[in-house]
Amino acid sequence: MIVLGIDTSCDDTSVAVLDENKILANLVSSHLIHTEFGGVVPEYASRAHSQLLYPLTMQALNTAGISFNDLDLIAATAGPGLMGALLCGLSFAKGLVCGSGKKFRAVNHMEGHIYSSVLANPQLEPPFLILLVSGGHTELMHVKNWFQYSELGATLDDACGEAIDKVGKLLGLGYPAGPAIEKLALKSNSPIALPRPNPKGLDFSYSGLKTAARNYILANPDTPIEDIAAGLQEAAFAHLIDRVTRAVDKLSVTKLALAGGVAVNKHLREKLRIAGRKKGFEVYAPSSGLCTDNAAMIAAAGLARYRRQGQSKLDVSAFDRTSLEEESL
Ligand code: KG4
Ligand code: ZN
């Protein structure tokens, strides 16, 4: 089947075309306007989505070398994400479906991230863990079987990327700050020591680390920026690695998939691989284009869900929050 995938869950507009598990096009248009504000402004995200969806869809069809008539299924993210942003992509997809009579599938964005790992590593089979670590999410899930998930832990406050971005903003690094922090950290010889978060169970917490970094920066204005960057990364990533290794011990899984913008970080990937060699798990890390938000993963998850459950109803609504365990699209 040939699937058109659409994702507008946050600040990137993405449209993709998938032929079974082959990516024919996977376009992402980032809105530079958010850089000016040091974070995502939901209203601007929605406006940009509504302007970009049509031309990006035409471009995706063009890149894929197919016409609209060749499509079999249209899949769009229904949530979780920013409500106004989600409504743009979901309504656009519904409009295409109404006008063409094509099949329709609403997709849970988190399930999309799981399918990103599958697109990147077709041999990946459950059971596996997936660590989704981005500006909006920090979650550890257990994919017990296809369509059977259990959430092991999630952030109690800030997401990991959000905390990195906020400290980066204080350091004048612009938005998003993750890539600049990674580059700076490479130059550090003496990373600052910051407290390692340690909430109960397998949950995550990043607001304490963000505040500790802020207090350190205010109290020590002469500290080289690369040492702050490296210290922040060490503490932020140690927390992720701690949760992953605890989950591996608890569940005896041997595979860990990565997703989300922070998971692009090479230092994090290396640290996880070292932990994997010690604990006996293998790390499946998609390319950066499949780690960050993209519509190919939505097309892939849409196709899998369509094969399992058929079409979604056209009155399906967007949702800002839900757990995959309560999947009801
Ligand atoms: O998945 P993503 O593109 O968008 C969502 O948040 O949904 O993730 C963006 C986040 C930002 O917080 C950004 O600073 C972080 O990922 N990020 C990184 C790196 N590249 C992006 N964090 C650390 N190291 C990186 N190389
Ligand atoms: Zn995402």
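Every heavy atom of this structure was used, including side-chain atoms; hydrogens, water molecules and symmetry mates were not. Atoms within a ligand are numbered from 1 in the order they appear, just like the ligands themselves.
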### Message
Taking the ring centre of each residue, are H239 and Y206 less than 6.0 Å apart?
### Response
yes
### Query
Are N189 and E226 close enough that a side-chain donor and a side-chain acceptor fall under 3.5 Å?
no
### Message
What protein N/O/S atoms are there under 2.8 Å from the Zn ion (ligand 2), waters excluded?
### Response
H109 NE2, H113 NE2, D293 OD1
### Separation between CG of L186 and OG of S188, rounded to the nearest 0.5 Å
9.5 Å
### Summary
ligand 1 atoms nearer than 4.0 angstrom to some heavy atom of T292 are 1 (O), 3 (O)
### Task
May I ask you to identify the nearest protein heavy atom to atom 14 (O) of ligand 1, giving residue, atom name and distance to one decimal place in Å?
D165 OD1, 2.6 Å
### Query
Taking both backbone and side-chain atoms of F237, is any N or O found less than 3.5 Å from an N or O belonging to ligand 1?
no
### Task
Could you tell me whether the side chains of H49 and D11 share a donor-acceptor contact shorter than 3.5 Å?
no
### Message
Considering non-hydrogen atoms of the protein only, which is the closest contact for atom 7 (O) of ligand 1, and what is the distance?
### Response
D293 OD2, 3.2 Å
### Task
Quick one: look at V262 and ligand 1, take heavy-atom pairs under 4.0 Å, and tell me if it's side chain, backbone, both or neither.
both
#### Entry: Nearest protein heavy atom with distance in Å, relative to atom 22 (N) of ligand 1
G178 CA, 3.4 Å
### Query
Do any N/O atoms on E182 end up under 3.5 angstrom from N/O atoms on ligand 1?
yes
### Message
A side-chain contact here means heavy atoms from C-beta on lying under 4.5 Å apart; do V262 and L268 qualify?
### Response
yes
### Query
So, S205 and D157: side-chain donor and acceptor under 3.5 Å apart, yes or no?
yes
### Message
Minimum distance, heavy atoms only, to atom 6 (O) of ligand 1: which one of G260, S288, G135 is it?
### Response
G135
### Query
Heavy-atom contacts under 4.0 Å between S9 and ligand 1: side chain, backbone, both, or neither?
neither
### Query
Would you say the side chains of S9 and D7 form a donor-acceptor pair under 3.5 Å?
yes
### Query
Taking the side chain as C-beta and beyond, is there a heavy-atom pair between Q59 and Y54 under 4.5 Å?
no
### Query
Counting from 1, what ligand 1 atoms have a heavy atom of G161 closer than 4.0 Å?
12 (O)
### Nearest non-hydrogen protein atom, atom 21 (C) of ligand 1
G261 O, 3.5 Å
### Message
Taking only non-hydrogen atoms of C10, do any sit less than 4.0 angstrom from ligand 1?
### Response
no
### Query
Just by distance, do the side chain of T8 and the backbone of C88 share a donor-acceptor pair under 3.5 Å?
no
### Task
For the residue pair H267 and E234, confirm or rule out a side-chain donor-acceptor distance under 3.5 Å.
yes
### Task
Determine yes or no for a side-chain-to-main-chain donor-acceptor pair under 3.5 angstrom, with R269 supplying the side chain and A263 the backbone.
yes
